[in-house]
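As structure tokens, the structure follows; a few thoughts come after it.
Atoms within a ligand are numbered from 1 in the order they appear, just like the ligands themselves.
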Amino acid sequence: MSSTAAAETRPLTAAGRVNLLGLDEAGLQAWLTELGEKPFRSKQLRQWLHQRRVFDVDVMTDLSKGLRAQIAEHTDCQVPSAVFDRESSDGTRKWLVGLESGNAVETVYIPERDRGTLCVSSQVGCALDCGFCSTGKQGFNRNLSAAEIIGQLHFATQALAAEGRDRRITNVVMMGMGEPLANFRNVVAATNLMVDPYAWGLSRRRVTLSTVGLVPALYRFAEHSNISLAVSLHAANDRVRDEIVPINQKYPLAELLPACENYVAKTPHHCIYWEYVMLDGVNDSLSDAKQLVKLLSHIPSKINLIPFNPFPGTRYEASPRDRILRFADVLQKAGFIATIRRTRGQDIDGACGQLVGQVINRRNQGKRGATPAKA
Ligand code: SAH
């Protein structure tokens with residue numbers, strides 16, 4: 001990475017210091033090289049910061065005194081803090097994580113018998129305005145820095161440890177607020193740290209990015225990452241998808257599907273995880289299910305049907321359970337692995353599409369229905 005590129009991505013704190021937490025291996029190496037230090041120190045620093053979660057330079061005794069002085073002088077490690085915390089009756093935890101200038105995003109922890117999944121936000125709000133998602137309704141303020149994204153893992157790890165219960169983060173899904181591929185560089189740096197053996201060390205199978213399908217960014221992502229990919233499909237034809245996922249008007253299915261196939265071909269994954277929210281009378285008929293079978297027949301796929309979580313002001317309704325089951329049955333009989341997502345944390349508005357945070361909107365003055373600009 002050139003030093004210019006590193007400087008551009010380098011996250012600064014409000015005091016103008018480098019927030020070391022947001023630098024991945026390449027970013028740290030570039031910063032160390034500028035200081036005249038050996039790039040291999042990056043490995044020690046990642047271990048201190050992300051494995052031992054020690055931020056006090058005086059404790060980092062395997063680094064030279066000179067480097068420790070530079071770290072003390074030029075850097076900070078800022079972990080966001082919670083302004084609000086709720087626990088669902090099913091054990092799901094939701095934190096409202098405070099950021100600078102009055103914004104806040106939501107981070108959700110979902111405990112299961114054999115794993116603990118952290119659902120991480122990538123933007124304050126979202127600019128894409130999918131009609132059935134309450135995050136979109138909040139408008140958009142800004143991208144999170146890489147430090148603010150990885151900071152959600154630091155924060156949640158600390159919070160869970162402080163409770164003394166055996167709750168670990170084994171999986172991360174970039175399925176919180178925002179469209180991760182619209183915040184490309186910061187999301188790549190943060191997810192690099194998640195799978196980095198000298199940082200969080202999670203398996204790339206256990207870190208999943210979910211995208212609405214920004215086609216050019218999806219091709220770039222295949223060159224920069226190899227974590228699991230989930231794609232919010234939600235419709236089997238452009239007519240329905242144009243309506244419920246407006247970015248489809250810019251990147252229709254005929255462009256999205258090859259970009260997804262490219263990701264599977266370029267990375268060591270066996271399949272794409274498709275997300276399909278079940279909306280009553282909109283996309284849940286048997287003919288929709290058959291179209292979906294045809295659409296995905298040539299792509300290695302797992303399909304996750306998501307029961308719609310309603311929120312105030314929405315014009316959509318959830319599909320009845322028996323229709324979801326019949327839809328799943330069509331997919332399964334055609335040979336797909338199709339699952340129905342168990343809704344978690346609904347009583348604390350922590351479920352899919354219910355995350356709203358605290359967004360000072362800077363786009364569309366909070367209006368709904370504004371479609372993204374065409375290319
Ligand atoms: N912007 C990314 C990341 C958000 S992930 C994306 O679109 O994939 C959140 C997932 O929950 C997406 O699949 C989204 O479409 C889905 N979702 C949004 N609102 C929902 C709602 N009200 N009920 C159920 N699922 C919803």
Side-chain angles (χ1 to χ4, degrees), residues 92 94 105-108 110 117-140 143-144 149 152 171-184 187 190-191 207-215 217-218 221 227-235 240-241 243-248 250-251 256 259-260 263 272-280 282-284 302-319 321 324 339-346 348-357 359 368 372:
T92 299
K94 182 172 84 163
V105 292
E106 297 192 348
T107 307
V108 179
I110 306 147
T117 302
L118 195 70
C119 179
V120 168
S121 292
S122 57
Q123 296 183 311
V124 183
C126 186
L128 292 175
D129 206 34
C130 300
F132 54 87
C133 177
S134 65
T135 299
K137 220 172 91 176
Q138 304 294 299
F140 174 75
N143 286 333
L144 297 194
I149 298 170
Q152 294 170 65
N171 294 55
V172 176
V173 290
M174 297 297 304
M175 293 187 186
M177 294 170 66
E179 166 49 44
L181 288 187
N183 182 10
F184 192 88
V187 165
T191 52
V207 178
T208 304
L209 178 138
S210 175
T211 178
V212 74
L214 305 183
V215 167
L218 206 40
F221 194 59
I227 62 173
S228 298
L229 183 68
V231 177
S232 291
L233 190 63
H234 305 318
V240 177
R241 200 165 191 266
E243 183 202 321
I244 60 179
V245 181
I247 197 70
N248 193 70
K250 191 168 176 184
Y251 304 121
L256 174 60
C260 296
Y263 193 83
I272 299 282
Y273 296 88
W274 303 100
E275 295 160 285
Y276 194 103
V277 65
M278 298 295 291
L279 303 172
D280 186 20
V282 176
N283 63 356
D284 61 350
K302 287 187 184 164
I303 305 165
N304 197 211
L305 302 178
I306 313 177
F308 174 59
N309 295 308
F311 53 89
T314 180
R315 60 193 169 97
Y316 295 106
E317 284 179 28
S319 305
R321 187 77 189 169
I324 301 181
T339 49
I340 301 172
R341 187 174 291 176
R342 202 151 63 91
T343 296
R344 301 289 304 264
Q346 201 170 18
I348 54 167
D349 290 342
C352 298
Q354 291 184 314
L355 305 184
V356 293
V359 182
R368 303 227 57 191

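Distances below 4.0 Å separate heavy atoms of E275 from the following atoms of ligand 1: 10 (C), 12 (C), 13 (O). Which parts of ligand 1 touch N309 is read off a 4.0 Å heavy-atom cut-off, strictly below it: atoms 21 (C), 22 (N), 23 (N), 24 (C). Below 4.0 Å from some heavy atom of C133 lie the following atoms of ligand 1, by number and element: 18 (C), 19 (N).
Applying the side chain to side chain donor-acceptor pair (under 3.5 Å) rule to E317 yields no partners; only residues at least two apart in sequence or on another chain are considered. In this view, Y263 and F221 satisfy the ring pair (Phe, Tyr, Trp, His ring centres under 6.0 Å) rule, not counting sequence neighbours.
Contact annotation: for V277 versus ligand 1, heavy atoms closer than 4.0 Å belong to the side chain alone. Proximity of P307 to ligand 1, defined as any heavy-atom pair under 4.0 Å, is confined to the backbone N, CA, C and O atoms. Neither the backbone nor the side chain of T135 comes within 4.0 Å of ligand 1, counting heavy atoms alone.
A distance-only check finds no donor-acceptor pair linking the side chain of N304 to the backbone of Y273 [under 3.5 Å]. Using modelled atom types, one side-chain atom of N283 and one backbone atom of V277 make a donor-acceptor pair closer than 3.5 Å. In this structure, the side chain of S121 does not engage the main chain of Q123 through any donor-acceptor pair within 3.5 Å.
Between the OH atom in Y251 and the CZ atom in R241 there is a gap of 12.0 Å [rounded to 0.5 Å]. Between atom OG1 of residue T339 and atom CG of residue L305 there is a gap of 7.0 Å, rounded to the nearest 0.5 Å.
Remark: ligand 1 and F132 share an N or O pair separated by less than 3.5 Å (distance only, no angle test). Every N/O-N/O distance between S134 and ligand 1 stays at or above 3.5 Å. Where the criterion is an N or O separation shorter than 3.5 Å, residue side chain and backbone included, R341 fails it with respect to ligand 1. For the pair F311 and ligand 1, the shortest N or O to N or O distance does not fall below 3.5 Å.
Using a 4.5 Å heavy-atom cutoff, the side chains of N171 and V173 are not in contact.
Proximity of H234 to ligand 1 is established by a heavy-atom distance of less than 4.0 Å. Not a single heavy atom of S122 sits less than 4.0 Å from an atom of ligand 1.
The one candidate from M177, M174, E179 that meets the side-chain contact (heavy atoms from CB on, under 4.5 Å) condition with S122 is M174.
Of all the listed residues (G176, P180, S232), G176 holds the heavy atom that lies closest to atom 4 (C) of ligand 1.
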